[in-house]
Participant: 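Please find one structure pasted underneath; my questions will follow.
Chain letters run A, B, ... following the sequence lines, proteins first and then strands; every chain starts at 1. What you see is a predicted model; the values in this text were computed from it and never measured.
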Protein chains: 2
Amino acid sequence: MEQYVEALKKQKIRITPQRLAVLRVLWNNHRHFSTEEVYGEVKKDFPAISLATVYTILDLLKQKGLIRELRIKSDKTLFEARVDMHHHFLCRDCGTLFDIDMKPCAALEAMAVDGNVIEEAHGYFYGVCKKCK
Amino acid sequence: MEQYVEALKKQKIRITPQRLAVLRVLWNNHRHFSTEEVYGEVKKDFPAISLATVYTILDLLKQKGLIRELRIKSDKTLFEARVDMHHHFLCRDCGTLFDIDMKPCAALEAMAVDGNVIEEAHGYFYGVCKKCK
DNA sequence: TAGATTATAATAATCATTATTATTTAGAAG
DNA sequence: CTTCTAAATAATAATGATTATTATAATCTA
Ligand SMILES: [Mn+2]
Ligand SMILES: [Mn+2]
Ligand SMILES: [Zn+2]
Ligand SMILES: [Zn+2]
C-alpha cells in the first residue's frame with residue numbers, strides 16, 4: 001500500500017486512488033497487460049474508473065519510468081512492471097509471450113562507440129517456443 | 001522490369017501491374033516506407049490504384065518474404081526492401097530512422113540452445129543519434 | 001479464346017487510441 | 001479544519017490506421 005504512494009511521490013506525481021490501483025495491478029502481477037486488461041482488473045476494486053483514465057495513467061507511469069511499454073503484438077500496446085533491460089519472445093503457435101534475459105549485447109557497445117546514445121533497446125523475437133515445437 | 005516478374009513467379013504470385021509497381025517502389029528506394037508513402041509513390045505511375053490494394057499487396061509481399069515489416073514508430077507500420085537480418089535505431093530528436101548491421105547476437109544462440117526456434121529477430125533502439133548529440 | 005479463379009477499386013466498418021470538456025478531487029496555504 | 005486553485009477524472013466524441021465487403025475487372029490455364 002505504502003510502496004505505491006512512495007513510488008508516486010518520488011516521481012512527483014499526485015496521489016490518486018486510480019493511479020494507485022493501476023500501479024498495484026502491474027506490480028502485483030508480473031505479466032504483460034493490454035490497456036483493456038488493466039482496465040478490467042482495476043474495475044474489480046474500482047467500478048467507476050474510466051478507460052480513458054487508464055490510458056492516461058499508463059502513459060504517465062511510462063513517462064516517469066515506473067512501468068514499461070511493449071509493442072510486440074501487432075494491434076495492442078502492452079505494459080509491464082519490469083523496467084530493467086530484457087527482451088521478448090512471441091510464439092506464433094500458442095501466442096505465449098515471455099521474457100528473455102540477456103547480457104548487454106555487443107551491438108549496443110558498437111552503437112555507443114559510433115557516437116549514438118541509446119536510451120532504450122527492445123529485442124523482439126518471433127518463432128516457435130520449445131513447448132510447441 | 002523482368003526481375004520483379006521473376007520474383008513474383010518464384011513465389012507463385014500472380015503478376016499484376018499493381019504488384020509490380022509496389023515492388024518497384026520498395027526495391028528502387030532503399031528506405032523505410034509507410035503504406036501511405038508507398039501509395040503516394042505508386043500513384044505517380046498508376047493514378048487509379050486504391051489504398052486498400054496497397055495494404056493488401058504489402059501484406060502479401062511480406063508473407064512471401066519479399067519485403068519486411070517494421071513496427072518501430074508508434075502509429076504507422078513501415079516496410080522496406082531489405083529482408084536480411086538487421087536492426088533499427090530511431091532518434092527521438094530528429095526522427096531519423098536508420099539501419100544497424102550487427103553480428104548474430106549471443107542471445108539468439110542462447111534461445112536456440114534452450115529449445116525455441118527463432119524465425120525473426122527485431123532489435124529496436126531508441127535514443128539520440130550522433131548528429132543530434 | 002473462354003471461363004473459372006483471383007485481384008482490384010471503392011467504400012464502409014472496425015477498433016485502439018486520443019481529444020474534449022464539464023465535474024470532481026488533491027493538496028497547499030492559511 | 002476549511003478554502004481555494006491547479007490538476008485529475010469520467011463521459012463521450014473524434015481520429016486515423018487498418019480491415020472487411022462486394023461489385024467489377026483482370027489474370028492465366030486449358
Ligand atoms: Mn517483459
Ligand atoms: Mn531497415
Ligand atoms: Zn508456443
Ligand atoms: Zn537525430
Participant: In whole Å, I'd like the distance from the NZ atom of A:Lys76 to the P atom of C:dC15.
Facilitator: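 Taking NZ of A:Lys76 and P of C:dC15, I get 10 Å after rounding.
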
Participant: To the nearest 0.5 Å, how far apart are CG in B:Leu90 and CG in B:Leu97?
Facilitator: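 Here the interatomic distance stands at 6.0 Å.
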
Participant: Expressed as a whole number of angstroms, how long is the span from A:Glu69:CD to C:dT17:C1'?
Facilitator: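 Atom-to-atom, A:Glu69 to C:dT17, this comes out as 11 Å.
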
Participant: Measure from NZ on B:Lys73 to C1' on D:dG16 and round the result to the nearest Å.
Facilitator: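 The answer, rounded to whole Å, is 17 Å.
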
Participant: Let me know the distance between CD1 of B:Ile15 and P of D:dT29, rounded to the nearest Å.
Facilitator: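 It works out to 10 Å between those atoms.
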
Participant: C:dT18, OP1 or OP2 - any side-chain N/O from A:Thr56 closer than 4.0 Å?
Facilitator: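 The answer is no; no side-chain N or O of A:Thr56 sits under 4.0 Å from OP1 or OP2.
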
Participant: With hydrophobic residues grouped by side-chain heavy-atom distances under 4.5 Å, do A:Tyr124 and B:Leu78 end up in a single group?
Facilitator: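 Yes, it is one cluster - the side chains of A:Tyr124 and B:Leu78 are joined through contacts under 4.5 Å.
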
Participant: Mapping A:Ile49 and B:Arg14 to their closest nucleotides on DNA chain D, which lands nearer the 5' end?
Facilitator: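 The residue mapped nearer the 5' terminus is A:Ile49.
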
Participant: Any idea which of D:dT27, D:dA10, C:dT8 is nearest the B:Pro17 side chain?
Facilitator: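 Of all the options, the side chain of B:Pro17 is nearest to D:dT27.
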
Participant: Check whether any side-chain heavy atom of A:Asp101 sits under 4.5 Å from a side-chain heavy atom of A:Arg82, and report yes or no.
Facilitator: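 Side chain of A:Asp101 against side chain of A:Arg82, heavy atoms only: contact under 4.5 Å found.
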
Participant: To the nearest Å, how far apart are B:Ile13 CD1 and D:dC28 P?
Facilitator: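 That distance rounds to 12 Å.
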
Participant: How many whole angstroms separate atom CZ of A:Arg71 from atom P of D:dT18?
Facilitator: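 Taking CZ of A:Arg71 and P of D:dT18, I get 11 Å after rounding.
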
Participant: What is the distance, rounded to the nearest whole Å, between atom CZ of A:Phe46 and atom P of D:dA8?
Facilitator: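 Rounding to the nearest Å, CZ of A:Phe46 and P of D:dA8 are 15 Å apart.
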
Participant: Could you walk me through whether B:Phe89 and B:Phe98 satisfy the ring-ring contact (aromatic ring centres under 6.0 Å, His included) test, starting with their C-alpha distance in whole Å, then the side-chain angles of each, then the deciding distance to 0.1 Å, before giving a yes or no?
Facilitator: CA-CA 5 Å; B:Phe89 183 96; B:Phe98 56 85; 5.1 Å; yes

Participant: Has A:Arg19 got a side-chain N or O lying under 4.0 Å from the OP1 or OP2 atom of D:dA8?
Facilitator: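 For D:dA8, OP1/OP2 do have a side-chain N/O of A:Arg19 under 4.0 Å.
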
Participant: With a 4.0 Å cut-off, would you call B:Glu41 and B:Lys43 a salt bridge?
Facilitator: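 Answer for the salt bridge query: no.
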
Participant: Can you check the B:Asp75 CG to D:dA14 P distance for me, whole Å?
Facilitator: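 Going from B:Asp75 (CG) to D:dA14 (P), I get 22 Å.
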
Participant: Taking only side-chain N and O atoms of B:Tyr55, does any of them lie within less than 4.0 angstrom of OP1 or OP2 on D:dT19?
Facilitator: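 False: B:Tyr55 side-chain N/O out of range (4.0 Å or more) of D:dT19 OP1/OP2.
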
Participant: State which of C:dA26, C:dT8, C:dT5 makes the closest approach to the side chain of B:Gln18.
Facilitator: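 Of C:dA26, C:dT8, C:dT5, C:dT8 is nearest to the side chain of B:Gln18.
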
Participant: Please tell me if B:Thr16 has a side-chain N or O lying less than 4.0 Å from either OP1 or OP2 of C:dT8.
Facilitator: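 For C:dT8, OP1 or OP2 has a side-chain N or O of B:Thr16 closer than 4.0 Å.
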
Participant: Go through C:dA10, D:dT12, C:dT8 for me and flag the one nearest to the B:Ile57 side chain.
Facilitator: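 It is C:dT8.
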
